[in-house]
Amino acid sequence: MNNQLSDSLWVAKRCAFAAIAALSVAPAPQRAIAQTPVVSVVEYYRAASDQYFLTGRSAEQVLLDVSDAFRRTGMSFQAKAPSASTDAVCRYRIEVAPTLASTHFYGLSDDCALIARSQPANFFYEGIDFSVTPRLSDGTCPADSARPVYRAFRAQSSLAIANHRYFTSARTYDAAVRQGWTGEGAVFCVAAVLDEQMSALPIAPSLAFGQPLRALSRLKNANAIEQRFEATLIASPTSIQLAGTNATEFWSYNGSVPGPMIELYEGDSVRIRFENRLPQPSTIHWHGLPVPPSQDGNPMDPVPSGGGRDYEFTIPIGSAGTYWYHPHAHGVTAEQVYRGLAGALVIRSCDNPLPEHVRERLLFLSDLKLASDGSIAGSSAMDAMNGREGQYLLVNGGLQPTLDVRPGETQRWKLFNGTNARYVRFAIDGLAFRQIGTDGGLTNGPSPLLTELLLAPGERAEILLTAPNTASIVRSIQALAYNRGTMGMAASQTTVTIGNLRTSVDNVAASVSLPLSLRPIHSLLAQGAVPTTRRFVLSESGGMGMSTSGGFLINGKSFDPTRIDTITRVGAVERWEVQNNSTMDHPFHLHGTQFQVISRTVAGRDVVDSFPAWRDTVNVPPNTTVSFVVRQDQTGKRMYHCHILEHEDQGMMGVLQVDL
Ligand code: C2O
Ligand code: CU
Ligand code: CU
């Protein structure tokens, strides 16, 4: 949605918000809510042809500015005085009366119960984004001076029904009607956005940061026999003391967040016992691994709360790579992952083409959204829509860790994006690095020097970097700003510090000579006749509510575990074309195998993929078609889906059946 926004507009927006923030610090008389103006708006601007932001001081001004804005798009807008019922939650009313067909429904996020929650929650109306200020602990409403900036914008400019986005449901509409919030439009509340960048986010306790990068704990092999790996993973609520806060209840595997790292070798036969001590059904999915479908933790095979099962598989030769594991029970995957259930899984081969003394580090990225009391925050309607991004991006469970290196030392980093929805445009403050691996393992050879690398949710990469030759230098490791087309500002739209690279005072390390070739990647296309082509269209539908499914679609359909969407045969090479017809980026993921991206068509123009690689997840931005070739080698059902876990939970997933 914000794709069209240029950086300077964002800067303008930020500056304007900053000005408002400063303004609101000025002493304002404490007044009871009922006497305050409906809303106060001092500024309104049009950021792009289809987006409006407003802030201000008086109802009249809102009326003026907004009605003018909406008039131009064929809508009218009225601000109304707060009613007794709205006062109860410290919100004001704004009535929007669009000159649209009355068949439209307007609403809050899915359900009015949100109002009663103790945290600010976001409401949407036609892209106008509001949240509610809860009562203060003494029962009073916050003073105007403490009422943060709010804003509104229109999601899309066209009045054609199909182009509108509704973030509501019929149920919500009914609820709004019962509240008397009707008319030719609907009514919504005031808004209180606490921070312009993190509009949906509560103010979280500050965490300690900057400690040395902690190594991931390792899942112990309970079996001494060569080439056999046996262990148990127990998923359960676990209270963990984050540095700097009270204990937080996470859901963890074996008590650690992220889960213990699983290290396996090609050829290993593996048996992992899973015990589900969560209050929900769950599964363990081995993301990216070619395990049999019955062992892959599909949503069709949930393990009930209190239940358990064994997952058994063998690691094929040639599958050395950087994988991860996480739950996959339908509708609760996002929640289980954001509560802490995800871990790294590394498969090693016995022939490592890189010099053994090159130090390897694993950086498992996860996202954390805390409520102000330090507990894991619930998800807002905005989170459901965009995919959740919290206040914190953690590495191996720590905030902004320090990674010590010798001057001139070359290290090999394995990066895992284990977040629900955060895009990580990875960079080391201008320090160039080479990519040597993708999801499914090493590439043909080291890439040319890169200064950044985009890791969509679910993706992994391996890089080689050489530290500067100078002692005691600090370079910040960053996730650069990336606009993935979310509604409103997502955390990843500003640059975030992942950690810091710090050179020691030791002597400069001897330089490492890199092999030119790492592992041959044979083209799947070369292996047969012209493949069957399949097309998958990603879209977002109207009428989407916060928890109603059906908002995010593949080929126009929402996930149904009993339906088979696509059938293929073992060994058949196919060309899959994934086209994004929505307004947001979606990372497309396929289970059970690794594929080779062969082209990307961006707005009708062909862009050839830069290097051959094995992937299981690929980002598909709006107006883009990504084509890959793929082959499945085992019979059974495989999932393909968007790896923004909120989208997956809301139906952006399909079933591939592989027949003999
Ligand atoms: Cu990472 Cu279907 O999953
Ligand atoms: Cu997967
Ligand atoms: Cu998505």
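Given the structure is predicted, the values throughout are model-derived calculations rather than measurements. Both counts, for ligands and for their atoms, begin at 1 and track the order of listing. FYI, side chains are in, hydrogens and waters are out, and symmetry mates aren't considered; it's all heavy atoms of this structure. Numbering of residues begins at 1 and proceeds along the displayed sequence.
- Tally of protein N, O or S atoms closer to the Cu ion (ligand 2) than 2.8 Å: 2.
- Judged purely by distance below 3.5 Å, without hydrogens or angles, the side chains of Glu646 and Asn420 pair a donor atom with an acceptor atom.
- A cation-pi arrangement is present between Arg388 and Tyr338, with the terminal nitrogen or guanidinium carbon under 6.0 Å from the aromatic centre and inside a 45° cone about the axis.
- A salt bridge links Arg631 with Asp633: at least one charged nitrogen is closer than 4.0 Å to a carboxylate oxygen.
- Shown are the protein N/O/S atoms under 2.8 Å from atom 1 (Cu) of ligand 1, given by residue and atom: His287 ND1, His326 NE2, His643 NE2.
- When every heavy atom of Gly458 is checked against every heavy atom of His643, the shortest pair comes out as CA-ND1, 4.1 Å.
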Expected list for residues 566-575: side-chain donor-acceptor pairs under 3.5 angstrom, two or more places apart:
{"residue": "Thr566", "atom": "OG1", "partner": "Tyr640", "partner atom": "OH", "Å": "3.1"}
{"residue": "Thr568", "atom": "OG1", "partner": "Glu574", "partner atom": "OE2", "Å": "2.6"}
{"residue": "Arg569", "atom": "NH1", "partner": "Leu660", "partner atom": "O", "Å": "2.4"}
{"residue": "Glu574", "atom": "OE1", "partner": "Arg534", "partner atom": "NE", "Å": "2.7"}
{"residue": "Glu574", "atom": "OE1", "partner": "Trp576", "partner atom": "NE1", "Å": "2.8"}
{"residue": "Glu574", "atom": "OE2", "partner": "Arg534", "partner atom": "NE", "Å": "3.2"}
{"residue": "Glu574", "atom": "OE2", "partner": "Arg534", "partner atom": "NH2", "Å": "2.8"}
{"residue": "Arg575", "atom": "NE", "partner": "Glu577", "partner atom": "OE2", "Å": "3.1"}
{"residue": "Arg575", "atom": "NH2", "partner": "Ser627", "partner atom": "OG", "Å": "3.4"}

Report, one line per pair, each donor and acceptor closer than 3.5 Å where one atom sits in a side chain of residues 311-322; sequence neighbours left out.
{"residue": "Tyr311", "atom": "OH", "partner": "Ile284", "partner atom": "N", "Å": "3.0"}
{"residue": "Ser319", "atom": "OG", "partner": "Pro316", "partner atom": "O", "Å": "2.5"}

Working for side-chain hydrogen bond (donor to acceptor under 3.5 Å, both in side chains), residues Asp616 and Gln594: CA-CA 5 Å; Asp616 55 57; Gln594 297 284 320; 2.9 Å; yes

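- Heavy atoms of other residues, nucleotides or ligands lying less than 6.0 angstrom from CZ of Arg563 number more than 12.
- Of the N and O atoms on the side chains of Gln435 and Glu462, not one donor lies less than 3.5 Å from an acceptor on the other residue.
- Shortest distance from atom 2 (Cu) of ligand 1 to His641 is reached at NE2 (N/O/S atoms only).
- Within a 6.0 Å radius of CZ in Arg535, other residues, nucleotides and ligands contribute more than 12 heavy atoms.
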